Novice: 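Right, I'll just put the structure down here and ask away after.
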Amino acid sequence: MRVEILGCSGGIGGNGMRTTSLLVDHDILIDAGTGVGDLPLERLAAIDHVFITHAHLDHIACLPLMVDSVGELRERPVTMYATRETLDIIRRHIFNWQIWPDFSQIPTPDNPFLRFAAIEVGQAVTLGMRSITPLPATHTVPAVGYHLHNQASGASLAFSGDTCICDPLWEALNAVGDLRYLIIEAAFADRERELALLSKHLCPSLLLAELAKLRARPEVLVTHAKPSQQEQIAREIAAGNSPHQPRMLAPGVILAF
């Protein structure tokens with residue numbers, strides 16, 4: 001499997017800052033933040049599956065625009081996977097004919113541009129030799145992370161999505177064999193620790209404490225830093241001297257496993 005980082009910032013502001021989106025091979029998106037907008041039309045049209053961690057705008061901003069742009073170019077609907085709670089939020093607040101057309105009904109209910117598929121934590125979706133399993137997460141809205149498993153190689157990548165302290169996440173990750181990569185968030189610097197806890201995000205001190213619960217030694221890549229705090233977050237993580245040696249993720253990085 002091949003994961004291309006389209007966006008990994010907690011905001012926008014030039015210099016390649018794009019919000020969360022991971023392209024898996026050529027046909028799967030994990031989240032649909034602003035990084036999706038950099039893909040050319042033919043690559044957008046090749047995306048068959050979109051897995052959403054949660055309904056916050058920085059993780060779904062390009063989904064409505066993508067479906068509108070490529071719907072007529074495709075022979076089958078794009079399938080959007082999310083928990084029932086997240087599907088309900090997105091249907092009620094985005095694809096509601098007020099913010100955006102309901103593309104699950106366009107051009108016809110029997111042949112739409114978009115199809116919704118409900119998923120549950122711990123239950124894998126299998127696409128060929130690839131499986132994608134929702135992981136527990138703790139956030140201000142219903143949220144999950146994802147475990148991507150390559151059945152051909154036996155290797156895995158995990159993505160936390162947006163989360164704060166979450167023991168069930170580490171229990172799930174400790175059960176994963178051959179975890180090559182862990183992409184995990186740290187949205188705020190430690191000076192904003194109370195805000196991180198209030199908004200259910202991680203900061204460096206919280207992240208390092210959470211990583212101590214992980215028994216494996218994957219490559220740990222840190223995502224979702226607020227643009228104005230990214231350099232401080234990186235310094236604080238490095239100063240923590242974690243045995244996991246987390247480093248900041250960057251757009252354009254390709255992870256193969």
Side-chain angles (χ1 to χ4, degrees), residues 1 3 8 10 20 22 24 28 30-31 51-56 59 81-87 117-127 129-151 153-188 190 193 196-225 233 237 240-249 255 257:
M1 295 175 74
V3 174
C8 56
T20 304
L22 288 64
V24 183
I28 300 171
I30 307 295
D31 280 341
F51 289 79
I52 299 295
T53 59
H54 66 291
H56 281 161
H59 295 255
Y81 304 80
T83 64
R84 293 186 186 279
E85 296 88 348
T86 297
L87 288 178
I119 57 175
E120 295 183 16
V121 169
Q123 295 190 5
V125 175
T126 300
L127 302 170
M129 294 296 290
R130 306 164 299 179
S131 67
I132 300 177
T133 305
L135 295 169
T138 299
H139 198 37
T140 54
V141 295
V144 297
Y146 287 108
H147 165 210
L148 283 59
H149 179 64
N150 182 345
Q151 297 176 23
S153 69
S156 293
L157 175 150
F159 171 48
S160 72
D162 286 10
T163 193
C164 194
I165 299 167
C166 184
D167 286 343
L169 170 63
W170 302 104
E171 293 170 8
L173 291 179
N174 283 330
V176 173
D178 199 4
L179 181 61
R180 300 282 181 87
Y181 300 100
L182 171 60
I183 300 174
I184 187 166
E185 71 126 285
F188 297 99
D190 276 343
R193 180 184 171 100
L197 289 167
L198 179 65
S199 59
K200 297 193 185 305
H201 282 288
L202 295 173
C203 61
S205 60
L206 292 171
L207 169 62
L208 296 177
E210 289 293 281
L211 281 174
K213 302 171 185 176
L214 180 63
R215 293 194 293 267
R217 287 289 186 270
E219 185 172 349
V220 178
L221 302 162
V222 180
T223 186
H224 208 276
I233 291 168
I237 289 172
N241 293 317
S242 167
H244 291 282
Q245 299 183 318
R247 61 183 179 87
M248 303 303 290
L249 188 59
L255 306 173
F257 59 98

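Bear in mind that the values here come from a model prediction, so they are computed numbers and not experimental data.
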Novice: Using 0.5 Å steps for rounding, measure from the CG atom of L182 to the NE2 atom of H244.
Specialist: 9.0 Å
Novice: In residues 158-169, what donor-acceptor pairs under 3.5 Å come from side-chain atoms, sequence neighbours left out?
Specialist:
| unit_1 | atom_1 | unit_2 | atom_2 | d |
| --- | --- | --- | --- | --- |
| S160 | OG | E185 | N | 3.3 |
| D162 | OD1 | H59 | NE2 | 3.2 |
| D162 | OD1 | H224 | NE2 | 3.3 |
| D162 | OD2 | H54 | NE2 | 3.2 |
| D162 | OD2 | H59 | NE2 | 3.2 |
| D162 | OD2 | H224 | NE2 | 3.3 |
| T163 | OG1 | T138 | N | 2.9 |
| D167 | OD1 | K213 | NZ | 2.6 |

Novice: What is the minimum heavy-atom distance between A55 and T86, and which atoms define it?
Specialist: N-CG2, 3.9 Å
Novice: I28 vs L148, test: side-chain contact (heavy atoms from CB on, under 4.5 Å). Steps then yes/no.
Specialist: CA-CA 11 Å; I28 300 171; L148 283 59; over 6 Å; no
Novice: Between CE of M129 and OG of S153, what distance do you get to the nearest 0.5 Å?
Specialist: 9.0 Å
Novice: Locate the shortest heavy-atom distance separating N174 from A216; write the atom from each residue and the value.
Specialist: OD1-N, 4.4 Å
Novice: From the options V220, L208, L207, select the one residue that forms a side-chain contact (heavy atoms from CB on, under 4.5 Å) with S242.
Specialist: L208
Novice: Nearest 0.5 Å, please: how far is CG in L197 from CZ in F188?
Specialist: 10.5 Å
Novice: Could you report the tightest heavy-atom contact between H201 and L206, atom names first, then the distance?
Specialist: O-CD1, 4.0 Å
Novice: Just by modelled atom types, is the A155 backbone N or O under 3.5 Å from a matching donor or acceptor in the N150 side chain?
Specialist: no
Novice: Could you tell me if the side chain of L255 sits less than 4.5 Å from the side chain of L221, heavy atoms only?
Specialist: yes
Novice: Any side-chain heavy atom of F257 within less than 4.5 Å of one from D178?
Specialist: no
Novice: Side chains of V222 and L249, heavy atoms from C-beta outward: is any pair under 4.5 Å?
Specialist: no
Novice: Just so I know, are the side chains of L211 and W170 near enough to count as touching, which here means a heavy-atom distance under 4.5 Å?
Specialist: yes
Novice: Using side-chain heavy atoms (C-beta onward) and a distance below 4.5 Å, is Y81 in contact with I52?
Specialist: no
Novice: Walk me through it: do T53 and D31 pass the test side chain to side chain donor-acceptor pair (under 3.5 Å)?
Specialist: CA-CA 6 Å; T53 59; D31 280 341; 2.8 Å; yes
Novice: Just do the side-chain contact (heavy atoms from CB on, under 4.5 Å) check on I119 and V125 with the steps written out, would you?
Specialist: CA-CA 8 Å; I119 57 175; V125 175; 3.9 Å; yes
Novice: With side chain to side chain donor-acceptor pair (under 3.5 Å) as the test, would you mind laying out the steps for R180 and S156 before giving the verdict?
Specialist: CA-CA 6 Å; R180 300 282 181 87; S156 293; over 6 Å; no
Novice: Any chance CD of Q151 has more than 12 other-residue heavy atoms, nucleotides or ligands included, within less than 6.0 Å?
Specialist: yes
Novice: Between H56 and H139, is a side-chain contact (heavy atoms from CB on, under 4.5 Å) present by the stated rule, with each step listed?
Specialist: CA-CA 10 Å; H56 281 161; H139 198 37; 3.3 Å; yes
Novice: Are E219 and R247 close enough that some pair of their side-chain heavy atoms sits under 4.5 Å apart?
Specialist: yes
Novice: Taking all non-hydrogen atoms of both residues into account, name the closest pair between P204 and I233 and its distance.
Specialist: CG-O, 3.9 Å
Novice: Mind checking what makes salt bridge (charged side-chain N to carboxylate O under 4.0 Å, His left out) contact with E171, not counting sequence neighbours?
Specialist: none
Novice: Please walk me through it: do H147 and V176 pass side-chain contact (heavy atoms from CB on, under 4.5 Å)?
Specialist: CA-CA 9 Å; H147 165 210; V176 173; 3.6 Å; yes
Novice: With distance as the sole test, does R193 use its side chain to make a donor-acceptor pair with the main-chain N or O of D190 at under 3.5 Å?
Specialist: no
Novice: Keeping the roles fixed (side chain from T223, backbone from C8), state whether a donor-acceptor pair exists under 3.5 Å.
Specialist: yes
Novice: What is the minimum heavy-atom distance between S199 and T140, and which atoms define it?
Specialist: O-CG2, 3.3 Å
Novice: For R217, does the CZ atom sit with more than 12 other heavy atoms under 6.0 Å from it, leaving out its own atoms?
Specialist: yes
